[in-house]
Amino acid sequence: MRILGIETSCDDTAAAVVVDGSDVESNVLASQDEFHREYGGVVPEIASRKHAETIGAVIELALRKAKRDFKDLDAVAVTCGPGLSGSLVVGVAAAQAIAYARALPAYAVNHLHGHLFANYLATPGSAAHALPQTPFLCLIVSGGHTDMILVESAAKHVVIGRTLDDAAGEAYDKVARLLGLGFPGGPALDRLAQGGDGTAFAFPRSLMRDGSDNFSFSGLKTAVRYHLDAHPEHRSQRTADIAASFQAAVVDVLCAKALDAARRHHVDTVALAGGVSANSALRRELRLRGEAAGMRVLVPALEYCTDNAAMIAAAAYYRGEAARVEPERLFVDPNFAWS
Ligand code: KG4
Ligand code: ZN
């Protein structure tokens, strides 16, 4: 089953062609970073306008790279939420137009399901592809979410924990702004931290040992701000050490809590998903600590961690009837709840 996936929930315009929820024939993404950079964050009106300008070309390119035509498609899948309404509506309108014009089945995909099912996509260039064995635990760490999910089967997911305040990616972006690293902040902080000492400053690790599956990152962000207020000279002299110490705290909490939850819920596989799973330290540490604890650790290929459309096509395939809607019933839901 060949599905065209479309994703426009935030500031990336993306389209992809994926066969049977796993084999990626093309995965195209037009980044809007350059248009939002001068504002230090995503400006919803600009995001919406740029999606409208770009979506047609991005879909055409996805088909061309896959060496396919509209007539080769079996279905179209689109992110319906959560996200920015003005952004979502562009992808949904495009998907609706294609579904009508080509009489194709349509799938309404929750963005978080997309991140989770990125773990079902074959890694580019790797010959063997084994699908994740359920049950497993999935830690979704993105700009808007930090959710711990018990994946009982491809159809049944239980959200067992989440952040009580900031998402992990949000903390990265806010601390990057405090350090003057610009936009987008997470990847810049990741790079800076690689040259710093993660043990230089002992930043707090909230809820690390509370035995729950919830997270909290706003105290950590505030601790970095207080530290910079108390030591203004560190803004210029110790930025790499601060970045590395902040990152060590985030990674420590995420790894400790995910592995603890896996043990308590009797699963032996932990998967990562979402933009922060592109973080070099998190990928490395979870693999190291997970394997030391006898767990299997799954980490999607980098291009499937941050927002992309291949994961949306994969989610549609695995969600099946649960995501299928008549094309005229495709919708935009900025707060689309999920489980
Ligand atoms: O999943 P995503 O692309 O969009 C949302 O659904 O939110 O995640 C974006 C988030 C941003 O907060 C960004 O700073 C963070 O992921 N991020 C990273 C890295 N790459 C992206 N955070 C830390 N290290 C990275 N390498
Ligand atoms: Zn995302």
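We count ligands from 1, going down the list as the structure has it; atoms in each ligand are counted the same way.
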For this session: Would you mind checking if Asp173 and Arg177 are paired as a salt bridge, meaning a charged N to carboxylate O distance below 4.0 Å?
Result: no

Exercise. According to the interplanar angle, ranging from 0 to 90°, do the rings of His111 and His115 count as parallel (below 30°), tilted (30 to 60°) or perpendicular (above 60°)?
Worked result: perpendicular

Got a list of side-chain donor-acceptor pairs under 3.5 Å for residues 201-209, not counting sequence neighbours?
unit_1 : atom_1 : unit_2 : atom_2 : d
Arg205 : NE     : Asp252 : OD2    : 2.7
Arg205 : NH1    : Phe203 : O      : 2.8

Seminar exercise, completed: Checking heavy atoms under 4.0 Å, the part of His111 that sits near ligand 1 is side chain

Exercise. Parallel, tilted or perpendicular for Tyr318 and Tyr120, by the 30°/60° rule?
Worked result: tilted

Exercise. In the protein, what heavy atom is nearest to atom 26 (N) of ligand 1, and what distance, to one decimal place, separates them?
Worked result: Asp190 OD2, 2.9 Å

For this session: Determine, for Arg49 against Glu45, whether the closest basic-nitrogen to carboxylate-oxygen distance falls under 4.0 angstrom.
Result: no

Exercise. Looking at the Zn ion (ligand 2), is one of the N, O or S atoms of His115 less than 2.8 Å from it?
Worked result: yes

Exercise. Do any N/O atoms on Gly169 end up under 3.5 angstrom from N/O atoms on ligand 1?
Worked result: yes

Exercise. Gly185 to ligand 1: N or O pair under 3.5 Å?
Worked result: no

Seminar exercise, completed: Within 4.0 Å of some non-hydrogen atom of Ala278, the atoms of ligand 1 are 20 (N), 26 (N)

Exercise. Heavy atoms only: which of Met311, Arg283, His115, Glu170 is nearest to atom 1 (O) of ligand 1?
Worked result: His115

Problem set entry | Whether His111 has an N, O or S atom under 2.8 Å from the Zn ion (ligand 2) | yes

Problem set entry | Per-residue contact class, Asp173 against ligand 1 - non-hydrogen pairs under 4.0 Å | side chain

For this session: Can you pull out the closest protein heavy atom to atom 3 (O) of ligand 1? Residue, atom name and distance to 0.1 Å, please.
Result: Asp307 N, 3.0 Å

Problem set entry | Protein heavy-atom partner closest to atom 17 (N) of ligand 1 - residue, atom, separation in Å | Gly275 O, 3.6 Å

Exercise. Quick one: nearest non-hydrogen protein atom to atom 7 (O) of ligand 1, plus distance?
Worked result: Gly143 N, 2.8 Å

Exercise. Does any pair with a residue in residues 317-326 pass salt bridge (Lys or Arg N to Asp or Glu O under 4.0 Å), and if so which ones, sequence neighbours excluded?
Worked result: Glu321-Arg324

Problem set entry | Charged N-O contact under 4.0 Å between Asp210 and Lys257 | yes

Exercise. Quick one: nearest non-hydrogen protein atom to atom 23 (C) of ligand 1, plus distance?
Worked result: Asn279 ND2, 3.5 Å

For this session: Using a strict cut-off of 4.0 Å, indicate which atoms of ligand 1 neighbour a heavy atom of Gly144.
Result: 7 (O)

Exercise. How about Gln237: does its CD atom have over 12 heavy atoms from other parts shown lying under 6.0 Å from it?
Worked result: yes

Problem set entry | Closest protein heavy atom to atom 22 (N) of ligand 1, given as residue, atom name and distance to 0.1 Å | Gly186 CA, 3.6 Å

